[in-house]
Student: 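One structure follows; several queries about it will come next.
Below, each value reflects all heavy atoms present in this structure, side chains not excepted, and no hydrogens, waters or symmetry copies.
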Amino acid sequence: MKNKQALMIFLLIVVGLLSGCGSDGSKASSEDKKELVLGGTIPYSDMLEQGVKPYLEKQGYSVTIKEFNDYVQPNMALKNGSIDANLYQHEVYMRAFAKENDMELSGVIKVPTAPIGIYSKKYQSLEEIEKGSTVAIANDPTNLARGLTVLKDNGVIDFDEDVDPLRASVRDITDNPKELVFKPVEAAQLPRTLDSVDLAAVNGNFAIASGMDLTKALVRDDMPDNIINQVVVNTKDIDAPYVQDIKKAVQSEEFRKVIEENFQGFHEPKWFKD
C-alpha cells in the first residue's frame, strides 16, 4: 500500500512538472510567434501586402494578409484571435469601438492615409462652383464632419470656431454663400453619386476602390493626427516582438518606397514626413 501511495505521489509530481513545462513552452511560443495573419480593408490590405509582408518575411515570418469588406470584422477578428494586427482605422474610431465592445486595443504606428477629397465631374475647381449646387456627403457623423471641414478650410462654407471639426453637421453651418444643397448618403456609395450631383466629398478608401485618382480631387482634407489610420493590436500584445517587427516594417525604406510608388495622394503622418 505504501509503495502504491509513493508511486501515486511520484506520478503527480511528474505530471505537475510536465504541465509547468507545457505552460512555459506556450509562453515561449507566444513570444517567438512567427506565423502572422494581418487584416485590413482596401487599400490598406494592399499596403500590408506590398509594404509590410515582404519585410517581415525577410525576418523569418510567415505572413498571410486577410482582406475585410467592413469596419467591424477586422476588430472582432482581433478579439477572437483569428488575426494578429489590423490596419484600417484611426484613433477616434478605435477608442469608440473598443469602449462599445469591451475591448482593449492599442495603436502601434500611424501610416499614410487616404484622405477625404472633394470630387466633381462638372467643375475643375472650387471657384467654378455655382449657386445651388448639390453636394453628396457621408451620412455617418465622423465622415460627414470631415467632408464639411474640407469645404470650410477652403472657404466654401463656414461654421463657428467653437464647433468640434470631428462632430460638425450641416446644422452647424453659419455661412453658405453658394447656397449648397447637401445630400447625405452612405459613405461607400459616394463615388456613384458623381453622375447625379455636382460635387461629392468621398473617403479616400472608397475612391480608390472605385478606381478614382486621389490626385484628381479638387481639394483634400488636412487630416488631424487622431484620424490618421494606424496599425492596431490587442493591448496585451503591444510589447510582443512581432508587433515591434511590424512597426519596424512600416518604418523601413522598403515601405517608404512602396508608398511613394503606389499610394500617391495619401496624407502622410508627421513621422513619415520627417
Student: Are the side chain of Asp172 and the backbone of Ala168 linked by a donor-acceptor contact shorter than 3.5 Å?
Tutor: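 No: the side chain of Asp172 does not pair with the backbone of Ala168.
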
Student: May I have the step-by-step check of side-chain contact (heavy atoms from CB on, under 4.5 Å) for Phe255 and Tyr55, ending in yes or no?
Tutor: CA-CA 8 Å; Phe255 183 84; Tyr55 179 95; over 6 Å; no

Student: Could you tell me which non-hydrogen atom of Ser133 sits nearest to which non-hydrogen atom of Tyr123, and how far apart they are?
Tutor: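 For Ser133 and Tyr123, the tightest heavy-atom pair comes out as OG-OH, 2.8 Å.
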
Student: Are side-chain heavy atoms of Lys58 and Glu254 found at a separation under 4.5 Å?
Tutor: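 Side chain of Lys58 against side chain of Glu254, heavy atoms only: contact under 4.5 Å found.
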
Student: Between Gln251 and Trp271, is any pair of side-chain heavy atoms under 4.5 Å apart?
Tutor: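 Yes. Closest side-chain heavy atoms under 4.5 Å.
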
Student: Name the residue from Asp239, Val243, Leu105 that meets the side chain to side chain contact (heavy atoms under 4.5 Å, CB included) definition with Val233.
Tutor: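 Exactly one candidate clears the test, Val243.
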
Student: State, yes or no, whether a side-chain contact exists between Val181 and Glu179 at a heavy-atom distance under 4.5 Å.
Tutor: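 They are not in contact (no side-chain heavy atoms under 4.5 Å apart), so the answer is no.
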
Student: If you group Ile, Leu, Val, Met, Phe, Trp and Tyr by side-chain heavy-atom gaps below 4.5 Å, do Ile116 and Val92 land in one group?
Tutor: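 No, because Ile116 and Val92 fall into different hydrophobic clusters, even though each may have its own neighbours under 4.5 Å.
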
Student: Check this for me: Asp102, atom CG, are more than 12 non-hydrogen atoms of other residues, nucleotides or ligands nearer than 6.0 Å?
Tutor: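 Incorrect, the count does not exceed 12.
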
Student: Are Tyr44 and Asn229 linked by a side-chain donor-acceptor pair shorter than 3.5 Å?
Tutor: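 Yes, side-chain donor-acceptor contact under 3.5 Å.
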
Student: Mind listing the closest non-hydrogen atom pair of Ala145 and Pro165 along with its distance?
Tutor: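 Heavy-atom minimum between the residues: CB-O, 3.3 Å.
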
Student: Distance from Leu151 atom CG to Phe182 atom CZ, nearest 0.5 Å?
Tutor: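 That separation rounds to 5.5 Å.
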
Student: Are Glu253 and Lys257 ion-paired here, with the side-chain N under 4.0 Å from a carboxylate O?
Tutor: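 No, this pair does not count.
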
Student: Check whether Val156 and Leu194 end up in the same hydrophobic cluster, where Ile, Leu, Val, Met, Phe, Trp and Tyr are linked by side-chain heavy atoms less than 4.5 Å apart.
Tutor: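 Shared cluster, no.
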
Student: Work out which heavy atom in Val231 is nearest to a heavy atom in Ala85; give both atom names and the distance.
Tutor: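 It is CG1-CB, 4.2 Å.
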
Student: Working to the nearest 0.5 Å, report the span between CD of Glu161 and NZ of Lys152.
Tutor: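 Spacing of CD (Glu161) from NZ (Lys152) equals 6.5 Å.
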
Student: Test salt bridge (charged side-chain N to carboxylate O under 4.0 Å, His left out) on Lys270 and Asp225; report intermediate values, then the result.
Tutor: CA-CA 8 Å; Lys270 186 177 183 301; Asp225 191 62; over 6 Å; no

Student: Calculate, to the nearest 0.5 Å, the distance between atoms CG and CG belonging to Leu180 and Leu199 respectively.
Tutor: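 Nearest 0.5 Å value for the CG-CG distance: 7.5 Å.
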
Student: Report whether Phe263 and Ile109 are members of the same hydrophobic cluster (ILVMFWY, side-chain heavy atoms less than 4.5 Å apart, transitive linking).
Tutor: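 Yes, Phe263 and Ile109 fall within the same hydrophobic cluster.
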
Student: Can you check whether His90 reaches Thr113 side chain to side chain, under 4.5 Å on heavy atoms?
Tutor: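 They are not in contact (no side-chain heavy atoms under 4.5 Å apart), so the answer is no.
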
Student: Quick one: are Thr193 and Val185 in side-chain contact, heavy atoms under 4.5 Å?
Tutor: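 Side-chain contact under 4.5 Å: yes.
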
Student: Answer with yes or no whether the side chains of Thr134 and Asp198 bring together a donor and an acceptor at under 3.5 Å.
Tutor: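 There is such a pair between these side chains.
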
Student: Are the side chains of Ser125 and Leu218 in contact, using a 4.5 Å heavy-atom criterion?
Tutor: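 No, every pair of side-chain atoms sits at 4.5 Å or beyond.
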
Student: Using side-chain contact (heavy atoms from CB on, under 4.5 Å), reason through Leu48 and Lys53 one step at a time and then give a plain yes or no.
Tutor: CA-CA 6 Å; Leu48 289 169; Lys53 179 179 179 178; over 6 Å; no

Student: Under 3.5 Å, is there a donor on one side chain and an acceptor on the other for Asn139 and Glu186?
Tutor: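 Asn139 vs Glu186: no donor-acceptor pair found between side chains.
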
Student: Assess the side chains of Asn86 and Asn75: does a donor N or O sit below 3.5 Å from an acceptor N or O?
Tutor: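 On atom types as modelled, these side chains qualify, holding a pair under 3.5 Å.
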
Student: Do the non-hydrogen side-chain atoms of Thr64 and Leu38 ever get within less than 4.5 Å of each other?
Tutor: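 Not in contact.
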
Student: Where do Pro115 and His267 come nearest, in terms of heavy atoms and distance?
Tutor: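 Result for this residue pair: CD-N, 4.1 Å.
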
Student: Identify the two heavy atoms, one from Ala249 and one from Ser252, that lie closest to each other, and give their separation to 0.1 Å.
Tutor: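 Ala249 and Ser252 have their closest heavy atoms at O-OG, 2.6 Å.
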
Student: So Tyr242 and Lys34, side-chain contact (heavy atoms from CB on, under 4.5 Å) or not? Walk me through it.
Tutor: CA-CA 8 Å; Tyr242 76 85; Lys34 286 296 183 179; over 6 Å; no

Student: Counting heavy atoms not belonging to Lys247, are there more than 12 under 6.0 Å from its NZ?
Tutor: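 Counting neighbours around NZ of Lys247, 12 or fewer heavy atoms of other residues, nucleotides or ligands fall under 6.0 Å, so no.
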
Student: I'd like to know if Met103 and Tyr88 are part of one continuous hydrophobic network [Ile/Leu/Val/Met/Phe/Trp/Tyr, side-chain heavy atoms within less than 4.5 Å].
Tutor: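 Result: yes, single cluster for both.
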
Student: Look at the side-chain heavy atoms of Ile, Leu, Val, Met, Phe, Trp and Tyr, link any pair under 4.5 Å apart, and say whether Ile129 and Phe159 land in one connected group.
Tutor: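 Looking at the clustering, Phe159 is in the same group as Ile129.
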
Student: With respect to Arg146, which candidate in Asp153, Asp140, Asp221, Asp164 satisfies the salt bridge (charged side-chain N to carboxylate O under 4.0 Å, His left out) definition?
Tutor: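 So the option named by the test is Asp221.
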
Student: Can you check whether Val72's main-chain N or O pairs, donor with acceptor, with Asp70's side chain at less than 3.5 Å?
Tutor: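 Yes, the answer is positive, given that a donor and an acceptor are paired below the 3.5 Å cut-off.
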
Student: Quick check against the 3.5 Å criterion: does Ser169 have a side-chain atom that pairs as donor or acceptor with the backbone of Arg167?
Tutor: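 Such a contact is absent between Ser169 side chain and Arg167 backbone.
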
Student: Please determine whether the number of non-hydrogen atoms from other residues, nucleotides or ligands lying under 6.0 Å from atom NZ of Lys248 exceeds 12.
Tutor: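 Open.
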
Student: Show the nearest heavy-atom pair for residues Thr235 and Ser106, with the distance to one decimal.
Tutor: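 Smallest heavy-atom distance, with atoms named: OG1-OG, 2.8 Å.
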
Student: What's the verdict on side chain to side chain donor-acceptor pair (under 3.5 Å) for Gln230 and Glu91, showing C-alpha distance, side-chain angles and the deciding distance?
Tutor: CA-CA 8 Å; Gln230 58 189 343; Glu91 185 80 16; 3.1 Å; yes

Student: Just checking, Lys216 and Tyr119: is the charged tip under 6.0 Å from the six-membered ring centre and within 45° of the axis?
Tutor: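 No, Lys216 does not lie over the aromatic ring of Tyr119.
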
Student: Enter the distance from Ile238:CD1 to Lys236:NZ here, rounded to the nearest 0.5 Å.
Tutor: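 NZ of Lys236 is found 11.5 Å from CD1 of Ile238.
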
Student: Applying side-chain contact (heavy atoms from CB on, under 4.5 Å), run through Leu214 and Phe266 and close with a yes or a no.
Tutor: CA-CA 8 Å; Leu214 297 185; Phe266 279 51; 3.4 Å; yes

Student: Quick one: which of Val135, Val150, Ile173, Thr174 gives a side chain to side chain contact (heavy atoms under 4.5 Å, CB included) with Ile157?
Tutor: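 Considering Val135, Val150, Ile173, Thr174, a side chain to side chain contact (heavy atoms under 4.5 Å, CB included) with Ile157 is found only for Ile173.
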
Student: Atom CZ of Phe206 and atom CE of Met212: how far apart are they, to the nearest 0.5 Å?
Tutor: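 The distance works out to 12.5 Å.
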
Student: Flag the pair Leu56 / Leu36 as yes when at least one side-chain heavy-atom distance between them is below 4.5 Å, and no otherwise.
Tutor: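 They are in contact (side-chain heavy atoms under 4.5 Å apart), so the answer is yes.
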
Student: Which value, rounded to the nearest 0.5 Å, describes the distance between Glu104 atom CD and Lys79 atom NZ?
Tutor: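 Separation between the atoms: 11.0 Å.
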
Student: With a 4.0 Å cut-off, would you call Lys122 and Glu128 a salt bridge?
Tutor: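 Here Lys122 does not pair with Glu128 in a salt bridge, since their nearest N and O are not under 4.0 Å apart.
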
